[in-house]
Amino acid sequence: MSFRTEWASQVTATLTGTMVTIAGWVQRRRDHGGLIFVDVRDRTGIIQVVADPKGAAFATLDTVRAEYVVSVTGMVRRRPDGMVNLDIASGEVEIVPSQVVILSQSKTPPFMPQEAETVDELVRLKYRYLDLRRSSLLHNFELRDRVLYSLRNFFHEHGFLDVETPALARSTPEGARDFLVPSRVQPGTFYALPQSPQIFKQLLMVAGFERYYQIAKVFRDEDLRADRQPEFTQIDVEMSFMDREEILSLMEEMVKRIFKDALGVALQTFPRLSWEEALHQYGSDKPDLRAGEPLVDLTSQARSVSWEILASAPHVVGVICRQYRPSRKMLEQWTEFARERGASGLIWIMKSEDGIKSSAAKWLDGEELLALATNARLQPGDTLLVVAGPKPLAYVVAGQIRLEFARQENRLEPGWRFLWVTEFPLFEWSEEEERLVSAHHPFTMPVAQDFELLESNPAAVRSEAYDVVLNGIELASGSLRIYRPDLQERIFSVLGLTQDEISEKFGFLIQAFQYGAPPHGGIAFGLDRIVMLMAGAKSLREVIAFPKTARGTDPLMDAPSPVDVRQLDELGIQLKPKT
RNA sequence: GGAGGCGUGGUGUAGUCGGCCUAACACGCAUGCCUGUCACGCAUGAGAUCACGGGUUCGAAUCCCGUCGCCUCCGCCA
């Protein structure tokens with residue numbers, strides 16, 4: 001006898017009168033004394049089993065409890081008139097069992113899968129296998145599977161090779177903290193888990209693989225967020241002999257493909273903004289295009305106003321709040337919001353049918369206020385919130401106000417608002433290390449026109465780096481790579497790495513590039529984030545089967561954990577006493 | 001590293017600004033009744049050192065101090 005001949009949701013009216021066997025978990029048991037209903041759940045849905053005391057399987061069915069695993073063989077019967085349940089796929093029929101086999105008993109679970117959404121997440125993580133029984137989570141993993149299936153088809157069709165790269169690699173400087181793995185065979189040395197397969201995929205390009213992709217697990221030892229886990233999955237891609245335009249267009253096609261295959265959604269062409277434009281228009285390198293119109297740059301106009309403080313501000317940026325009449329208290333809250341983020345304050349200008357009101361009315365005359373309002377395309381009923389300050393602060397704070405306003409007022413437009421952000425700065429200043437560091441990674445190609453600035457004005461050098469942003473969340477990041485050793489050495493030298501450090505840390509890459517490196521570039525998408533957004537989920541934990549808590553622990557396995565001192569001895573490791 | 005929120009039977013909550021709290025309600029669980037339910041219904045019952053430690057007090061779930069855990073955000077995340 002087989003455990004199952006049909007899935008629960010496939011038992012429909014067309015099978016009326018036939019014998020079927022279904023298997024699954026007992027979702028609910030309704031005991032009417034003389035009549036027992038049991039809903040059996042499998043991955044596809046639920047089916048109702050009904051038995052009366054004369055029936056063969058009544059005694060067994062009487063003993064089943066929530067989450068028992070059963071196999072039920074019986075006749076499919078149409079439900080009586082008026083007893084149809086249209087909420088479930090099998091709702092027109094029910095099974096009259098001739099045999100019920102209890103395959104597994106269950107203790108009373110700490111929570112029922114169907115009520116899990118309201119249960120404390122710590123409890124759910126501890127009993128993750130029960131949490132995963134609920135259909136909404138299951139659907140996320142079905143979506144994830146469709147995305148991966150679509151991805152692999154796409155890459156295969158376009159001549160990409162799926163190549164695995166090592167998980168035990170070498171610690172490299174720059175970037176996130178590495179997770180370290182001590183070597184037993186080489187005492188005192190450590191592997192690092194990859195933050196990305198970056199160097200390996202570039203070596204594959206040197207090897208002539210031409211087109212590589214990998215669904216790669218990567219690791220970063222940094223603090224967690226709702227959209228950040230210490231281990232996550234990247235769609236890692238690298239291509240040779242393709243210019244930036246070809247790479248962007250192929251990757252955009254890939255994203256469109258998975259949305260079409262997995263969600264049935266046809267995406268529009270992604271708009272493009274340079275990093276500079278994104279900062280000026282949205283105060284962010286990952287603009288949320290759902291949050292209304294761009295910021296308005298009032299810097300040049302402010303130069304000529306009579307109020308010295310505004311006229312001398314290096315940058316003046318406005319957020320247009322359409323049809324918004326904030327109270328005094330709300331305006332104070334916006335001012336506080338701006339101050340908390342480092343701005344010196346906030347000016348507001350309100351336009352109505354009978355004139356202009358402003359917090360700056362004391363220092364600016366009516367004409368000046370009207371000019372500002374007109375320049376910001378203010379209509380009666382609109383409010384303009386203005387931040388002044390240095391760049392990028394003024395733009396960033398204004399951008400955060402734009403976002404927060406849209407969230408608070410429920411003005412986020414629905415839809416999938418993708419864009420490319422390009423030409424990021426090649427370097428950024430690290431306050432902590434007091435030196436220039438790579439904004440992306442040290443193998444990023446500078447924009448050709450900016451080569452000459454590398455030594456004279458490195459902060460102004462733009463890079464051939466690009467991000468994919470969806471609804472204000474960074475989904476992917478990539479770049480064209482440097483493939484000429486001389487240019488790579490120039491970059492290392494601007495970063496202040498000595499010859500010794502270069503050869504010690506990146507010698508193998510420099511060496512490889514001396515044997516014929518093709519022009520190449522690539523990108524890496526955060527698979528978990530894509531699936532999270534596609535699923536409408538609020539946290540990566542809803543699309544990762546066994547996620548970590550915000551403190552990086554796994555309540556199910558109770559990891560991380562101390563290890564036996566003998567294990568440490570073998571590794572030559574001695575723990576410092578706790579301070 | 002910093003800020004905020006939360007922690008009360010198995011689960012979700014109420015109670016928290018000092019006193020009939022001998023901790024309430026719903027779900028779940030157990031037992032009994034019930035032949036058309038699908039969040040079945042009805043009745044009875046079991047189940048809580050109120051996260052942990054210390055303090056104040058005649059008296060603490062409640063006030064104070066500390067610790068731990070979970071969540072969110074800032075820093076951090078090339």
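For the numbers below, each heavy atom of this structure counts, side chains included, while hydrogens, waters and symmetry mates do not.
Contact annotation: R225(A) reaches the phosphate of C74(B) (side-chain N/O to OP1 or OP2, under 4.0 Å). The side chain of T553(A) contributes an N or O atom lying less than 4.0 Å from OP1 or OP2 of C70(B). Contact between the side-chain N/O atoms of T549(A) and the OP1/OP2 oxygens of C70(B) is found at a separation under 4.0 Å. An OP1 or OP2 oxygen of U37(B) is reached within less than 4.0 angstrom by no side-chain nitrogen or oxygen of R30(A). Within the structure, every side-chain polar atom (N or O) of R29(A) is placed at least 4.0 Å from both OP1 and OP2 of C29(B). Between R65(A) and C29(B), a side-chain N or O to OP1/OP2 separation shorter than 4.0 Å is absent. Proximity of R28(A) to the phosphate of C40(B): a side-chain N or O atom is located under 4.0 Å from OP1 or OP2.
To the nearest whole angstrom, the two C1' atoms, one in G55(B) and one in U62(B), are 15 Å apart. Spacing between C42(B) and C25(B) at atom P, rounded to whole Å, works out to 15 Å. Spacing of P atoms, U49(B) relative to U57(B), comes out at 28 Å, to the nearest Å. Rounded to a whole angstrom, the distance from the C1' atom of G45(B) to that of G7(B) is 29 Å. Nucleotides C40(B) and U8(B) have their C1' atoms positioned 31 Å apart, rounded to a whole Å. Across C50(B) and U11(B), the matching C1' atoms stand 16 Å from one another, rounded to whole Å. Taking the C1' atoms as reference points, C65(B) lies 27 Å from C74(B), given to the whole Å. C27(B) sits 33 Å from U67(B) when the C1' atoms are compared, rounded to a whole Å.
The side chain of T108(A) has C29(B) as its nearest neighbour among C29(B), C71(B), C76(B). Nearest nucleotide to the K54(A) side chain, out of U35(B), C70(B), C38(B): U35(B). Here the nucleotide nearest the side chain of V119(A), chosen from U35(B), G75(B), G12(B), is G12(B). Here the side chain of M83(A) is nearest to one of U35(B), G36(B), C70(B), namely G36(B). With C38(B), C71(B), C76(B) as the choices, the nucleotide that has an atom nearest any side-chain atom of E222(A) turns out to be C76(B).
Comparing M112(A) and R79(A), the nucleotide of RNA chain B nearest to each residue sits closer to the 5' end for M112(A).
The CD atom of E67(A) sits 11 Å away from the P atom of C29(B) (whole-angstrom rounding). Residue D223(A) contributes atom CG, which lies 13 Å from atom P of U72(B) at whole-angstrom precision. If you take CD of Q114(A) and P of C38(B), they are 15 Å apart, rounded to a whole angstrom. The CD1 atom of I95(A) sits 20 Å away from the P atom of C38(B) (whole-angstrom rounding).
By the stacking rule of 5.5 Å between ring centres and under 30° between planes, H32(A) stacks on the base of C40(B). Where stacking is scored as ring centres under 5.5 Å apart with planes under 30°, F111(A) does not register as stacked on the base of U11(B).
Donor-acceptor pairing under 3.5 Å, judged by distance alone, is absent between the side chain of E117(A) and the base of G12(B). A donor and an acceptor atom never sit less than 3.5 Å apart when one is taken from the side chain of R220(A) and the other from the base of C76(B). In terms of polar N and O atoms assigned as donor or acceptor, the side chain of R124(A) never comes within less than 3.5 Å of the base of G10(B) in a complementary pairing.
Side chain to side chain, Q229(A) and R529(A) fail the donor-acceptor criterion of an N or O pair below 3.5 Å. In summary, the side chains of E404(A) and Q408(A) do present a donor paired with an acceptor at a separation below 3.5 Å, with no hydrogens or angles considered. Residues R481(A) and H441(A) bring a donor and an acceptor atom of their side chains to less than 3.5 Å of each other.
A cation-pi arrangement is absent between R133(A) and Y129(A), since the terminal nitrogen or guanidinium carbon is not both under 6.0 Å from the aromatic centre and inside a 45° cone about the axis.
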